[in-house]
Protein chains: 2
Amino acid sequence: MPGELNVGAGERGRRPATIYDVARLAGVSHMTVSRYLRGTTGVGAESGRKVARAVALLDYRPNRMARIMRTRRSDRIAVILPDATGMMPTRLLTGAARAAHEAGYLLDLVALEGDAAARAERIHTLLRPEYVAGIVAFTPLHAWTGDRAPTEMAVPVVVDGEYDDNMRAQGVLADATPAAGIVRHLAGLGHRRFLHVAGPQAWASARNRRAVYEATVAELGLESYGVAPGDWGAEAGRRAAGWLPGSGVTAVFAANDRTAFGVVQGLRELGIDVPGQVSVFGWDDDEIGRCLVPALSTVSVDRERQGGDAVRRLLALLNGQEPAAPPEAGALNRLVVRDSTGPAPTRAV
Amino acid sequence: MPGELNVGAGERGRRPATIYDVARLAGVSHMTVSRYLRGTTGVGAESGRKVARAVALLDYRPNRMARIMRTRRSDRIAVILPDATGMMPTRLLTGAARAAHEAGYLLDLVALEGDAAARAERIHTLLRPEYVAGIVAFTPLHAWTGDRAPTEMAVPVVVDGEYDDNMRAQGVLADATPAAGIVRHLAGLGHRRFLHVAGPQAWASARNRRAVYEATVAELGLESYGVAPGDWGAEAGRRAAGWLPGSGVTAVFAANDRTAFGVVQGLRELGIDVPGQVSVFGWDDDEIGRCLVPALSTVSVDRERQGGDAVRRLLALLNGQEPAAPPEAGALNRLVVRDSTGPAPTRAV
DNA sequence: TTGTACGCGTTATCAC
DNA sequence: GTGATAACGCGTACAA
C-alpha cells in the first residue's frame, strides 16, 4: 500500500496523482476508480460521481506505462519511414498520428538504419508485443523483413499502399480508378500512343499504377510505347523524355508529380511543346505542379486520410476484426486536369 | 518472487526472458544482473561473465516499460512536426530517429491537432516527464505554446532552427554564412539591386535568412528593393516575380527552393530570362532544382545531420549539460551554384 | 457493487 | 561485491 499520498492538485513540482490519490479523495477503493475509468460495468452511480469529481479535482491521468506493464499490451504504434531519400508529406504522418491518438495509441517513429544486422536487431526488438501493438509502414516491406510475410510477424503489420495477397485484387481495383481515368481522359483527347514513367517497382502503389495503365491501354485498344523506369524523382522523368523524339508518343503518364515535372523539363530542353505536342499527367497534386508552366494535370490525394486509414486498418487488426477494406479510390483520389494535357496533335513528335 | 521462470530461449510464443531468468541461469541475484546491465560499478569479473553468457543465451532484453515505471524517466522523445501543409524531408526524421536511438531513446511523433483546447490538453499530457523525456520541434513554438517559453515547460524542449534568447546571436551567426555567401556571390557577378522572397516569419530560419540578407546587402553597400512575403511555397515566389518588371532588380534570393522555383516560373511567364536578365538563388537543394531549366543555384543542407543535431541538443539538456552550440554553418550548409545565377545584365528589367 | 491481495519487471535502498 | 526487500502504478482474480 502506498505510503504518502498526493493531496494537492495544483501543487508545483508535485508528482502526478495516482489512482490511489483519487480513491482516497473519493472515499472508495482504487479498484472502483480503475473500473470507473475503464468504463467497466459494476460501479454504482454514487461512486461514479464521487470518482469523477476526484479525478477532475486532482487532474488525474492514468499512468500509461503502468497500465501497459500490467496488461502487457502496448499503446504504441510504430511507423516505419522509407529509408530512401526524399520528401514525405507531413499530412500523411499527422493523419496517422491523429487516428492513432483518437484510439488511445501513440505513434512511435522508427527509422531503420544501419546494415542488415542492425535492422534485424531493431525489428526484433520492435516485434515484442509489449513494446509495440502494431506496425504501420509507409514503405515497402521487402527492404527490412526480407522474405518474411507480415502475417508471420509477432505483431500486426500494415503496409500502406501495399495489400497482402488476399487483397491484392481489391488493392489494384482501389488504386485503379485514377490511373484508368487518366488513360481514358487522354484517349478522349485523341491520344493513341502512350508512355508511362513508372515509380520504383518495390512499391505496390507504383506497381499498381503501372499495371492499371497497361490494362487500361490494352482494354481501350490503345498502344503503349513502353514503361520507363523511375524512382519517384525528377531526373528519371527527364531521362524518360529522351525516349520521345521519333517515338510517336503524344501522351505521358508519370507515376508522380516530381517525375512528371522532370518529363516536362526534359521536353522543354528538347524543344517539344507541352501540351502542344505532348501531354503530361502526374500524380500527387504537389504544389509545384500548380506553379509549373504549363500547370500540371495530376491526381489529388488526401494524404491525411490515407495516413489515418493505414492506422485504422491496423487498429482493426488489433481488435481482431477483419481488416477494413482499402479505402475507395474516389474518396482518396481526384483527377485534377490542368494545362499540361491537351488534344492530341495531328502529327506526333 | 516470480513463480514460473522461463527457461528456453528459442521457445515459440514464450514470454521474453526477465531479469530473474537471467539471474537464475547465471547463478546470481537479479540485482547483480541489473547492475551489470546498467554498467554500474560493483560487479565482479566472474559474475559479469556469467551474466553476459546468460543474457546472450536467453536473448534477454530489458523491459523498457518496467524500467521507465521504476525510474520515472521516459525513454521517449516527442517530435512535433509543422502543422502547415507541405512535405518534410524524410532524412530530417531519420537523422533524428538515429540520434535518439543511439542514445537509447525512441522517437514519438506527436501531431497537435484540433482547437486550442485540444492542443493545450495534448501538451499538458506531454509535459509529464514520465511520458516524454523531452521535445524536439521542427516547427516554431508559438503556434502551440502561445507565449510560454520553452524553459518554463516541465520537460526540456529544443526547437530546431530556432534558438532561445540567450543564443539568438549565435543562431543568427550560425545561419549567416550561406545567406551572406549568396549575396556576396551575386555581388561578385555584378548585381547591385536585390529582392528577397522571405519565408514565413514565424520561423526563425526564415527570419535569420532575411536578417542576414538585409545585413549583408547593407554591409556591401548594395541595394535591397524589398522583401516579398512568402510561406515556403511556390505560389508566393510566383507572385513576387510580379514585383520585378521596372524594379531594376537583377537578382532574387528566395528563402527556399520551392519559392525560388515559383520565382523562375513567374519570370518565365513574364518573358524575363533567367539568368540572362535576372538571377535566382534558392535554398534546400531540393531535387527538383537540379532538373529545373535553368538548374537552380541553391544551398545544400545536410538534413540528416540537422535532425540528429536537434536531438543531440535535447539529449545534452537531458543530461544536464550546457546545450551544445548550434552546428556550424559550414558543416551543414554548402553553396551550390548552378545555372540560375549569372552575370548581372547591362540593362536591368 | 465493492474491496483485498498479488503480480507485472525493473531499479533504489540498505543491509551483509 | 552481493543480495534481500520494498517500491513504481496499475489491472486481474477472487473474496466479501
Side-chain angles (χ1 to χ4, degrees), chain A residues 1-6 14-51 54-55 58-75 104 125 128-131, chain B residues 1-6 14-51 54-55 58-75 104 125 128-131:
Chain A
M1 200 180 309
E4 284 227 327
L5 294 182
N6 300 335
R14 259 271 184 261
R15 291 225 312 250
T18 75
I19 203 172
Y20 287 101
D21 300 323
V22 176
R24 204 173 74 129
L25 185 59
V28 297
S29 90
H30 81 279
M31 276 317 297
T32 301
V33 178
S34 173
R35 281 190 267 261
Y36 172 81
L37 290 172
R38 281 174 299 144
T40 308
T41 169
V43 178
E46 178 59 22
S47 298
R49 263 192 302 279
K50 286 194 290 191
V51 169
V55 164
L58 294 174
D59 192 27
Y60 168 79
R61 295 139 203 264
N63 184 318
R64 304 178 84 121
M65 298 300 172
R67 182 175 281 178
I68 291 167
M69 189 166 158
R70 177 66 232 208
T71 61
R72 304 174 154 284
R73 263 194 75 175
S74 172
D75 66 343
T125 302
R128 296 178 65 162
E130 324 99 68
Y131 292 158
Chain B
M1 202 181 310
E4 284 227 328
L5 293 183
N6 301 334
R14 259 270 184 260
R15 289 228 311 253
T18 74
I19 204 170
Y20 284 100
D21 300 323
V22 176
R24 205 173 73 130
L25 185 60
V28 297
S29 91
H30 77 280
M31 276 315 297
T32 301
V33 179
S34 175
R35 280 192 268 264
Y36 171 80
L37 290 171
R38 281 175 297 144
T40 308
T41 168
V43 178
E46 179 59 21
S47 299
R49 262 193 302 278
K50 286 193 290 189
V51 169
V55 164
L58 295 174
D59 191 27
Y60 166 80
R61 294 139 205 263
N63 184 318
R64 302 178 86 120
M65 299 299 174
R67 179 175 285 179
I68 291 167
M69 186 170 157
R70 176 65 230 209
T71 60
R72 305 170 153 283
R73 264 194 73 176
S74 172
D75 66 342
T125 302
R128 296 178 66 162
E130 323 100 66
Y131 292 158

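Computed from a prediction, not measured in an experiment: that's the story for all the values here. Because only heavy atoms are used, hydrogens play no part in the values below, and waters and symmetry mates are left out as well, while side chains stay in.
Distances shorter than 4.0 Å separate none of the side-chain N or O atoms of Y36(A) from OP1 or OP2 on dT1(C). Within the structure, a side-chain polar atom (N or O) of S47(A) is placed less than 4.0 Å from OP1 or OP2 of dT2(C).
When distances are taken from the side chain of M31(B) to each of dC10(D), dT12(D), dG3(D), the shortest belongs to dG3(D). Here dG11(D) is the nucleotide among dG11(D), dG9(C), dA4(D) with the atom lying nearest to any side-chain atom of S34(A). If you check dT10(C), dT12(D), dC10(D) against the side chain of P62(A), the one that comes closest is dC10(D). In the set dG7(C), dG3(D), dG3(C), dG3(C) carries the atom at the smallest distance from any side-chain atom of R35(A). Here dT10(C) is the nucleotide among dT12(D), dG3(C), dT10(C) with the atom lying nearest to any side-chain atom of Y20(B). If you check dC8(C), dA4(D), dC10(D) against the side chain of R72(A), the one that comes closest is dC8(C). In this structure, of dG7(C), dT11(C), dA5(C), it is dG7(C) that holds the atom nearest to the side chain of R70(A).
Spacing between atom CD1 of I19(A) and atom C1' of dT12(D) amounts to 13 Å, rounded to whole angstrom units. Atom pair D75(B):CG and dT10(C):C1' shows a separation of 13 Å (rounding to whole Å applied). Atom CG of L37(B) and atom P of dA12(C) are 13 Å apart (whole Å).
A donor atom on one side chain and an acceptor atom on the other are not found under 3.5 Å apart for R67(A) and T71(A).
Here the options are V33(B), T32(B), V28(B), the test is side chain to side chain contact (heavy atoms under 4.5 Å, CB included), and the partner is V22(B); only V33(B) passes.
Counting atom types as modelled, H30(B) pairs no side-chain N or O with a base atom of dT2(D) as donor and acceptor under 3.5 Å.
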